[in-house]
Amino acid sequence: MKVEMEDLHEEDATVCDSVNSLVEGCRLPVHMKGTDDWPLAELISIKEILGTKCYYVHYVDFNKRLDEWVTEEYLDTRKVHFPRRDGTSNTGVSTPKKIHFGEVNSRPSSPIPAPSQEILNGNAVLAAALQKKINSRKRKVPTTENEDSLEAPAPPVPGPRQSGSMVAHHDDVVTRMKNVNMIELGRHRIKPWYFAPYPQEMVNLPCIYICEFCLKYKKSRKCLERHLVKCNLKHPPGNEIYRKEGVSFFEIDGRKNKQYAQNLCLLAKLFLDHKTLYYDTDPFLFYVMTVFDNRGFHIVGYFSKEKESTEDYNVACILTMPPYQRKGYGKLLIEFSYELSKFEGKTGSPEKPLSDLGLLSYRSYWAQTILEILITMNPVGENEKPQITINEICELTSIKKEDVISTLQNLNLINYYKGQYIIALNKDIIDSHRKAMESRKIRIDPKCLHWTPKDWGKRAKW
């Protein structure tokens, strides 16, 4: 039996004679279903379900999508940490408190620092990265190259920020618990990951049935079948702006198709933890990716985008539906968002914070896109090394400058030699990149994008 009890003080632990003594806020080892592990977990809620006492637990060092209801036999009551009178835990890790607008977002910040004059300058960031590398060598401590090496705190959010009809999450007890058991979307039955504010009469049902074309939700399959007879949609509303090899993208205006946009955000909230719903969809465009067969166009994923972004965000929220994850569709969504930025003649960046899976996808996309340019560059003259500036990489990719710089740092490619910043590629990086690119079977073809960007700033009304 493996028990993960890091950072716990034995003197704080209490042997609990009975599970009846347990209260919400207690922390103790819990057997994670489907594994042999007993990680530390916090009791979020305790209630009787069909005559059996059940405990809703959050595994402290794990993503909330793994939270679950367990019964008494899954609890290890030999080391229980009861909450203090002030509401905090004895484990040294406080229970998340409800946050209000104007404070930081409800999940850890993404590793991309907020835009500043120093970052926009670029050279100062490169110099700082180089100095950090030199200092680490002086201390004879190897520099970290893992995915967390660029983590930095995000600045305070200046106020209630709209985010693709979603805003910063209020992390209270209600929203910390999954409230939907199952959804049925087309041919797929999907177990939700997070809380979503569906109507109360829906969340108590064994399954919510959702029309995969208009995204309206029904309480039974019979209700859905009656709806499908009347529903005349076989694809998302809006304009189809891209089609190739069975993959299509539709552009939906959040003002013109408000009901669809709201239903889309409600559906997405089941799989996005770091945002909560905001029902004003007017300022947003939604780009829905679908795959086509003889039954119609089936939603694979989507991203939303502000019509006017003062901070050059080209994505507000982004999601690949669980049945289509790990098949290359996530990177296709990201690639499409940057293709739109190229058509606009702008550089763009996703709105922060990103989800953990979104962050991994973006880091991978940035690395592959930048490496593709560096590897295929040709030297200007004979016996010369290829040369390129950060700004040129930004122009070619539409990736924002701070994202380019952080990616080069994360790949540990920046060196300083004879007064110049040098990007050094070794054989291992090149081989690894080529192998990764071979696995990307589906790509965006710009020739198949039929879209003209609008200048929303000049339009009197969205």
Backbone N/O of [Y] and side chain of [X]: donor-acceptor pair under 3.5 Å:
X	Y	answer
K244	R443	no
K352	P350	yes
D253	R255	yes
K269	L272	yes
K178	R65	yes
S341	T347	no
S432	D428	no
Y302	C317	no

Name every donor-acceptor pair, under 3.5 Å, that has one atom in a side chain of residues 321-334 and the other anywhere in the protein, sequence neighbours excluded.
| from | atom 1 | to | atom 2 | distance (Å) |
| --- | --- | --- | --- | --- |
| Q325 | NE2 | T320 | O | 2.8 |
| K327 | NZ | P323 | O | 3.3 |
| K331 | NZ | S364 | OG | 2.8 |

Hey, are [X] and [Y] close enough for a salt bridge, meaning a charged N less than 4.0 Å from a carboxylate O?
X	Y	answer
E344	K305	yes
E42	R176	yes
E335	R440	yes

Just checking F286 against Y260, ring centres under 6.0 Å apart?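 No; Y260 has its ring centre 6.0 Å or more from that of F286.
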[X] versus [Y], closest heavy-atom pair with distance:
X	Y	answer
K447	H450	O-CE1, 3.8 Å
V315	S337	CG2-CB, 3.6 Å
Y209	R189	OH-NH2, 3.0 Å
L270	A196	CD2-CB, 3.4 Å
D312	K400	CB-NZ, 3.5 Å

From CA spacing to verdict: side-chain contact (heavy atoms from CB on, under 4.5 Å), C231, K216: CA-CA 10 Å; C231 184; K216 287 183 179 177; over 6 Å; no
Does the side chain of [Y] come within less than 4.5 Å of [X]'s, by heavy atoms?
X	Y	result
L413	T407	no
C26	P83	yes
W366	N410	no
Y74	K33	yes
L266	L215	no
S309	E351	no
I252	L264	no
V300	F249	no

Nearest 0.5 Å, please: how far is [atom2] in [Y] from [atom1] in [X]?
X	Y	atom1	atom2	value
Q368	R363	CD	CZ	14.5 Å
E68	I44	CD	CD1	12.5 Å
N426	N412	CG	CG	9.5 Å
I423	L371	CD1	CG	9.5 Å
I414	I390	CD1	CD1	6.5 Å
D273	D356	CG	CG	9.0 Å

Any side-chain donor near an acceptor of the partner, E24 and Y56, under 3.5 Å: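 Their side chains do not contain a donor-acceptor pair, so the 3.5 Å distance test is not met.
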Between the side chains of T281 and Q262, does any donor sit under 3.5 Å from an acceptor? no
Heavy-atom count around E225 CD within 6.0 Å, excluding the residue itself: above 12? yes
More than 12 heavy atoms from other groups under 6.0 Å of CD on E72: no
Throw together a table of side-chain donor-acceptor distances under 3.5 angstrom for residues 46-54, partners on residues two or more places apart or in other chains.
none

Where does the angle between the aromatic ring planes of F250 and F297 fall among parallel (under 30°), tilted (30 to 60°) and perpendicular (over 60°)?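 F250 vs F297 ring planes: perpendicular.
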For the pair F303 and N314, evaluate side-chain contact (heavy atoms from CB on, under 4.5 Å) and give the outcome as yes or no after the intermediate values. CA-CA 9 Å; F303 65 88; N314 63 357; over 6 Å; no
Test side-chain contact (heavy atoms from CB on, under 4.5 Å) on E184 and R221; report intermediate values, then the result. CA-CA 9 Å; E184 185 170 298; R221 184 177 281 115; 2.6 Å; yes
Using the rule ring-ring contact (aromatic ring centres under 6.0 Å, His included), only one of Y287, F343, F336 pairs with Y242; which is it? F336
Take L411 and I370, measure what side-chain contact (heavy atoms from CB on, under 4.5 Å) needs, and give me the verdict at the end. CA-CA 11 Å; L411 293 171; I370 293 169; 5.9 Å; no
